[in-house]
Amino acid sequence: MDRLSASTHLPATVCKPRYDRATLKPGILHIGFGAFHRAHQAVYTDSALAHTFGDWGIVGVSLRSLDVIRDLRAQDHLFSVVSRGAADAEVRVIGSVIGGLSALENHETLLARLADPAIRIVSMTVTEKAYGIDPLTGGLDHQHPAIAADLARPEAPTGVIGFIVEGLARRRSAGLKPFTVLCCDNLPTNGRVVQRLVTEMAARREPALAAWIFQHGAFPSTMVDRIVPAATEETRWRAAALLGAEDALALDTEAFMQWVVEDHFVSGRPAWEAAGALFVTDVEPYEKMKLRLLNGAHSMIAYLGQLAGLDYVRDVMAVPSYRSRVRQYMEAAARTLDPVPGVDLGIYQEQLMQRFANPTVAHRTRQIAMDGSQKLPQRIFAAAVDDLAADREGAVFAYATALWIAYLLQTPHMEDPRGQELKAAASEATDSGEPSAFLAVPGLFPKALLEDGAWLDRLNRELKGIKSVNVGMPPIRSV
Ligand code: CS2
């Protein structure tokens, strides 16, 4: 079977780009060219271009991988996205990406691109851990390998913040405007977080650079949402059958997608609203809702699944007692939220229950369980703090936290950038039988939780309960 390319004759059932790709010019550089970007922002841009054509082609960048960029080039930068509803599937070939660069092979070209006036937006999905945020200060973590390297050698960056700062420095020297920095990772007030990191690093180089970025730059916050499981051989094999061509970048996702963006751009943007994106002046309520309801429940489901031997989110949702735990969790998390404009939180939760249970989406609990130290603070601990501040007991949050700790205790090869510290805490906790070693990991738990004796007792009790009953369920394997 041939590889997907611009000359592939696609079956009529496949949706194709509805604009002339040959005349599309780049306007966006996206760092972190993974499955999430391909299923989300690339799709929104594809639809926006079909509605209002303009110079908004995407150049996909990988900082750590060569393979994904080589695959992209081998396919004329085309790839497919299969969205699966409970009853049907839509297959779409996306045309909005027109270039690919790997920092491993095209370092200088990448820097030149960042300084190219045609590039007006630099967006990113690099996961929480790639930013190098110090959990104690919210600023730069000087111990983070990429941050340390990029502070030492700013003209030869390795990490996302270093590349942005060097790109902005080159633009300033060339008398250009900055590009808009569009963070699409699951961090609260993600635009502001990245703005702080970028200006801090720039200030270490030259205070005037930081001032210029602060004055002329834009860092809109965004809330992004679409469940995108990591692709497998089966994903690629099923996509090939639908396309009649091999697609190394194929992925499966759910039908649902959402994007809420602060409308603050230095030099324009694609007509993403035509594709369904919502432009607002303040993203925070939407971000908080998504982080606490979707991502918080997701993390809890992941640890339940990992402890009970359930491979997929849908398997956890198929167990009635777990499903009601998830519902309870969301109800409590919703009580910590302010009203979200235009959203009925009851309907939102109902939708989430259905999305998690979607039998056609194979989302591994292991994928979500990783990097807990980077995820739980904004997903679970922040909600717990607000719950306690409102004179409630933070019970579901103690349970979810206890699940994570129980998971860490039983998973010696946990995937987490703070894995060494967590492993050390796990061996101490195994000896003592208490979670206090985890509580002592610097910057992990907020002070308000560490000072709440009743909540800590509850956490301790929940942990003991989970360990003694093995989450209450015998392992069930996915079929
Ligand atoms: C998940 C998210 O892996 C995880 O931690 O909770 O990737 C989640 O699937 C997305 O945020 C959904 O938009």
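Indexing begins at 1, ligand by ligand and atom by atom, following the structure's order.
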With a 4.0 Å cut-off on N to O distance, would you call Arg192 and Glu262 a salt bridge?
no

Counting only nitrogen or oxygen atoms and a 3.5 angstrom limit, does Arg355 reach ligand 1?
no

Do the ring planes of Phe397 and Tyr329 sit parallel (below 30°), tilted (30 to 60°) or perpendicular (above 60°)?
perpendicular

Distance under 4.0 Å to a non-hydrogen atom of Lys290: what atoms of ligand 1 satisfy this?
10 (C), 11 (O), 12 (C), 13 (O)

For ligand 1, is there an N or O atom under 3.5 Å from any N or O atom of His363?
no

Is there a salt bridge (Lys or Arg N to Asp or Glu O under 4.0 Å) between Glu200 and Arg196? Walk through the geometry before answering.
CA-CA 6 Å; Glu200 251 185 62; Arg196 174 165 174 194; 3.1 Å; yes

The residue among Thr222, Asp282, Leu278, Val224 that forms side chain to side chain contact (heavy atoms under 4.5 Å, CB included) with Val260 is Leu278

By number and element, which atoms of ligand 1 are closer than 4.0 Å to a non-hydrogen atom of Arg226?
12 (C), 13 (O)

Identity and separation of the nearest protein heavy atom to atom 1 (C) of ligand 1
His298 ND1, 3.4 Å

Among Asp371, Asp185, Ile368, Asn295, which one has a heavy atom closest to atom 2 (C) of ligand 1?
Asn295

Going by the atom numbers of ligand 1, which of them fall below 4.0 Å from some non-hydrogen atom of Asp225?
12 (C), 13 (O)

Do the ring centers of His298 and Phe356 come within less than 6.0 Å of each other?
yes

closest protein heavy atom to atom 7 (O) of ligand 1 is Asn186 ND2, 4.3 Å

With a 4.0 Å cut-off on heavy atoms, is Gln258 touching ligand 1?
no

With a 4.0 Å cut-off, would you call Asp225 and Arg355 a salt bridge?
yes

With a 4.0 Å cut-off on heavy atoms, is Met370 in contact with ligand 1?
no

